[in-house]
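Single-structure report; data block below.
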Amino acid sequence: MKKKKEKNGKNYSMQTRLIYGKSISKKWDYNHHVVPPISSSATFRLDTAKRGAQGFMEFAHHNGEKTVESRAPIYIYDRLGEPNKELLEENLAAAETGESAVTFCTGMAAISAIFGALTGSDDEIIAHSVLYGCTYSLLTNWYPRYRINTKFIDLINPNNLKKEISLKTRVVYFETPVNPTLDLIDISAISKIVKSANKNRPKGREIYLVIDNTFATPFCQRPIELGADFTVESLTKGITGFGTDMGGVVVGPKWSYDLLLMYRKDFGGVLAAKSAWPIMVYGLPSLPIRFKQSMKSALEVAKFLESDSRVNYVRYPGLESFPQPELARRQLIDYDGNFAPGVLLYFAFKGKTPKKRKEKGEKFINYLAKKAYTITLAVSLGMIRTLIEHPSSMTHAAIPPEEQIAKGIDPGGIRLSIGIEKVEDIINDLKKALSKI
Ligand SMILES: *Cc1c(COP(=O)(O)O)cnc(C)c1O
């Protein structure tokens with residue numbers, strides 16, 4: 001990258017570092033571009049057989065050293081590594097304040113890679129009882145085939161974890177804020193329990209704490225700073241932000257770098273360079289400014305909805321009525337230490353029966369889907385456009401209705417992901433829809 005005196009920006013704020021990355025990177029030797037060039041080459045010229053042999057020998061042999069090499073790596077084949085992905089990975093590791101990052105083609109590819117890399121047959125995963133639908137399906141439909149079972153427990157109370165840990169446990173896994181209820185799980189408290197359990201375990205049977213940070217993004221929450229071993233993230237959501245690309249990342253300790261590169265090489269879920277490039281050039285650099293704008297609006301929208309007599313409750317970590325205010329202010333903070341309650345909110349309408357509430361939710365959503373200019377009915381989140389969805393019948397439809405209610409998912413509950421539109425416009429669209437229910 002463009003040469004500057006300051007080598008890696010460590011003395012600058014993260015908002016600035018997400019734009020420049022490492023101003024001098026050994027990942028690719030070009031000097032006169034301002035924007036890193038897009039690289040699209042499935043295979044790489046090796047010059048001599050010796051250089052080819054060296055490239056193969058060096059692949060995934062960092063041996064726990066820092067991922068920064070003293071010279072540009074010898075690229076061989078895109079599935080092993082190529083410059084755009086690796087530049088993005090350096091920036092993602094910095095954003096999550098982790099030691100190394102490995103990207104994947106989707107969030108699910110990243111999640112399955114970290115489970116695959118850390119567990120084997122007869123190992124056990126402990127996970128929170130409410131998870132992203134496909135993660136839940138991965139753990140319940142596929143892993144049992146390899147005798148990897150998951151215990152689903154309520155981690156909102158961290159004390160529930162202690163009695164569930166056994167010698168089989170290898171991974172503790174959760175999302176916080178929880179989707180869609182926005183309940184928070186205390187990362188530091190869970191990390192303490194995991195670390196204390198690890199003291200008495202034989203080598204090779206350590207438990208790793210893995211957190212899906214997709215909802216908050218590293219702008220609002222850095223699990224590794226709070227004691228997690230790994231962060232996984234769907235880049236498709238808040239980090240890409242413009243809704244143009246899919247991607248995933250695992251950020252973790254430097255010893256995991258080679259392991260994850262090997263896993264990615266053999267399972268094959270690589271992030272395309274054509275997707276790595278926009279995420280690096282547009283998505284990550286604009287994350288702070290997009291999220292600051294969206295968060296300001298999210299609070300206003302949350303307050304507006306809370307003041308409406310038709311609304312039963314609004315869940316947004318920035319509201320005074322939020323059930324876990326102390327944890328929210330301790331855990332959801334931006335790089336400058338400001339409270340950063342995120343861009344998602346969840347709310348439900350009043351109604352005597354679950355059926356009534358469901359009807360109201362659907363009517364409201366259908367009106368917006370047809371008429372609203374600023375609010376789009378679509379899954380995904382963290383985009384510059386405001387998105388709405390109905391978890392009970394869409395993202396969480398796999399959970400039976402009675403179980404949904406027990407897990408805090410209201411039959412008519414609505415999830416909103418606030419974009420960067422002018423907030424008055426979002427509220428106007430919501431007002432019109434409210435008048436129809
Ligand atoms: C979207 C999402 C994923 C999966 O990411 P993809 O990029 O769609 O594969 C995982 N976890 C959470 C919390 C998500 O919102």
Side-chain angles (χ1 to χ4, degrees), residues 102-156 160-176 178-179 185 187 190-191 193-194 197-198 201-202 204-215 223 228-236 246-253 255-256 258-271 395-400 403-404 407 409:
V102 177
T103 53
F104 294 86
C105 54
T106 61
M108 285 318 302
I111 291 166
S112 53
I114 192 62
F115 286 141
L118 296 179
T119 62
S121 290
D122 299 321
D123 287 343
E124 193 174 77
I125 296 165
I126 298 179
H128 181 59
S129 51
V130 184
L131 290 180
Y132 181 72
C134 302
T135 310
Y136 186 78
S137 171
L138 175 72
L139 294 175
T140 52
N141 291 326
W142 297 98
Y143 277 32
R145 294 184 176 197
Y146 314 115
R147 296 201 316 268
I148 300 166
N149 288 311
T150 304
K151 261 189 208 163
F152 293 97
I153 64 168
D154 182 358
L155 288 172
I156 293 167
N160 292 339
L161 177 60
K162 270 185 213 151
K163 55 180 180 296
E164 300 296 341
I165 290 176
S166 73
L167 204 56
K168 287 185 163 195
T169 313
R170 292 309 306 276
V171 172
V172 173
Y173 182 88
F174 59 88
E175 300 154 12
T176 180
V178 175
N179 179 14
I185 298 175
I187 300 172
I190 300 275
S191 159
I193 294 166
V194 170
N198 275 340
R201 293 170 79 88
R205 297 300 308 168
E206 295 85 356
I207 304 166
Y208 298 106
L209 176 56
V210 182
I211 289 165
D212 179 337
N213 201 30
T214 305
F215 261 41
D229 298 291
F230 293 91
T231 307
V232 292
E233 183 131 32
S234 166
L235 301 175
T236 316
M246 298 202 85
V249 69
V250 180
V251 181
W255 63 258
S256 67
D258 290 339
L259 183 68
L260 287 162
L261 286 180
M262 289 294 282
Y263 190 96
R264 185 176 68 181
K265 169 178 82 72
D266 297 340
F267 283 80
V270 291
L271 179 66
T395 48
H396 295 68
I399 308 172
E403 234 180 279
Q404 286 188 5
K407 289 176 171 178
I409 302 168

(message) Minimum heavy-atom separation for Gly269 and Ala109, please, with both atom names.
(response) O-CB, 4.4 Å

(request) Please name the pair of heavy atoms, one in Glu164 and one in Ile126, separated by the smallest distance, quoted to 0.1 Å. (result) O-CD1, 3.6 Å

(request) Calculate, to the nearest 0.5 Å, the distance between atoms OG and CZ belonging to Ser112 and Phe267 respectively. (result) 8.5 Å

(request) Please tell me if the side chains of Leu155 and Thr176 come closer than 4.5 Å, counting only heavy atoms from C-beta onward. (result) no

(message) If I compare all heavy atoms of Asn213 with all of Pro223, which pair ends up nearest, and what's the gap?
(response) ND2-CD, 3.5 Å

(request) Hey, could you give me the CG/OG1 distance between Asn179 and Thr214, rounded to the nearest 0.5 Å? (result) 9.5 Å

(request) Measure the CZ-CG distance between Arg147 and Asp122 for me, rounded to the nearest 0.5 Å. (result) 4.0 Å

(message) Show the nearest heavy-atom pair for residues Leu131 and His396, with the distance to one decimal.
(response) O-NE2, 4.4 Å

(request) Could you go through the side-chain contact (heavy atoms from CB on, under 4.5 Å) check for Arg201 and Ile207 one step at a time? (result) CA-CA 9 Å; Arg201 293 170 79 88; Ile207 304 166; 3.6 Å; yes

(request) For the residue pair Phe230 and Tyr208, categorise the inter-ring angle as parallel (less than 30°), tilted (30 to 60°) or perpendicular (more than 60°). (result) perpendicular

(request) Return the orientation label for the Tyr143 and Tyr146 ring planes: parallel under 30°, perpendicular over 60°, tilted otherwise. (result) perpendicular

(message) Using every non-hydrogen atom in the two residues, find where Val250 and Ala110 come nearest and quote the distance to one decimal.
(response) CG2-O, 3.5 Å

(message) Any side-chain to backbone donor/acceptor pair from Thr236 onto Gly247? Under 3.5 Å, distance only.
(response) yes

(request) Give a yes or no answer on whether the side chain of Lys151 reaches the backbone of Glu124 with a donor-acceptor pair at less than 3.5 Å. (result) no

(request) Could you walk me through whether Thr150 and Tyr173 pass the side-chain contact (heavy atoms from CB on, under 4.5 Å) test, one step at a time? (result) CA-CA 10 Å; Thr150 304; Tyr173 182 88; over 6 Å; no

(request) Keeping the roles fixed (side chain from Arg264, backbone from Thr103), state whether a donor-acceptor pair exists under 3.5 Å. (result) yes

(message) So Ser256 and Val102, do their side chains get closer than 4.5 Å, heavy atoms only?
(response) no

(request) Output, in order, the C-alpha distance, side-chain angles, deciding distance and verdict of side-chain contact (heavy atoms from CB on, under 4.5 Å) for Ile156 and His128. (result) CA-CA 8 Å; Ile156 293 167; His128 181 59; 3.8 Å; yes

(message) Please check this pair: side chain of Thr140 against backbone of Tyr136, looking for a donor-acceptor N/O pair closer than 3.5 Å.
(response) yes

(request) Mind checking the OH-OG1 spacing from Tyr132 to Thr395? Nearest 0.5 Å is all I need. (result) 8.5 Å

(request) Please report the C-alpha distance between Arg205 and Asp123 in whole Å, then the side-chain angles of each, then the deciding distance to 0.1 Å, and finally whether the salt bridge (charged side-chain N to carboxylate O under 4.0 Å, His left out) criterion is met. (result) CA-CA 9 Å; Arg205 297 300 308 168; Asp123 287 343; 3.0 Å; yes

(message) Which heavy atom of Ala113 sits nearest to which heavy atom of Leu260, and what is that distance?
(response) O-CD2, 4.2 Å

(message) Are Leu209 and Asp229 packed together at the side-chain level, in the sense that at least one heavy-atom pair is separated by less than 4.5 angstrom?
(response) yes

(message) Do Ile187 and Phe174 have side chains that approach each other closer than 4.5 Å (heavy atoms only, starting at C-beta)?
(response) yes

(message) Within the structure provided, determine whether Phe152 and Leu139 are in side-chain contact (heavy-atom separation under 4.5 Å).
(response) yes

(request) Look up atom CG in Asp212 and atom CD in Glu175, then write down how far apart they are to the nearest 0.5 Å. (result) 4.5 Å

(request) Taking the side chain as every heavy atom from C-beta outward, state whether Ile193 and Ile165 have any atom pair closer than 4.5 Å. (result) yes

(message) Please report the interatomic distance CD1(Ile148) to CG(Leu138), rounded to the nearest 0.5 Å.
(response) 9.5 Å

(request) Compare all side-chain heavy atoms of Leu118 with those of Arg170 and state whether any distance is below 4.5 angstrom. (result) no

(request) Using a 4.5 Å cut-off on heavy atoms from C-beta on, say whether the side chain of Thr135 contacts that of Phe115. (result) yes

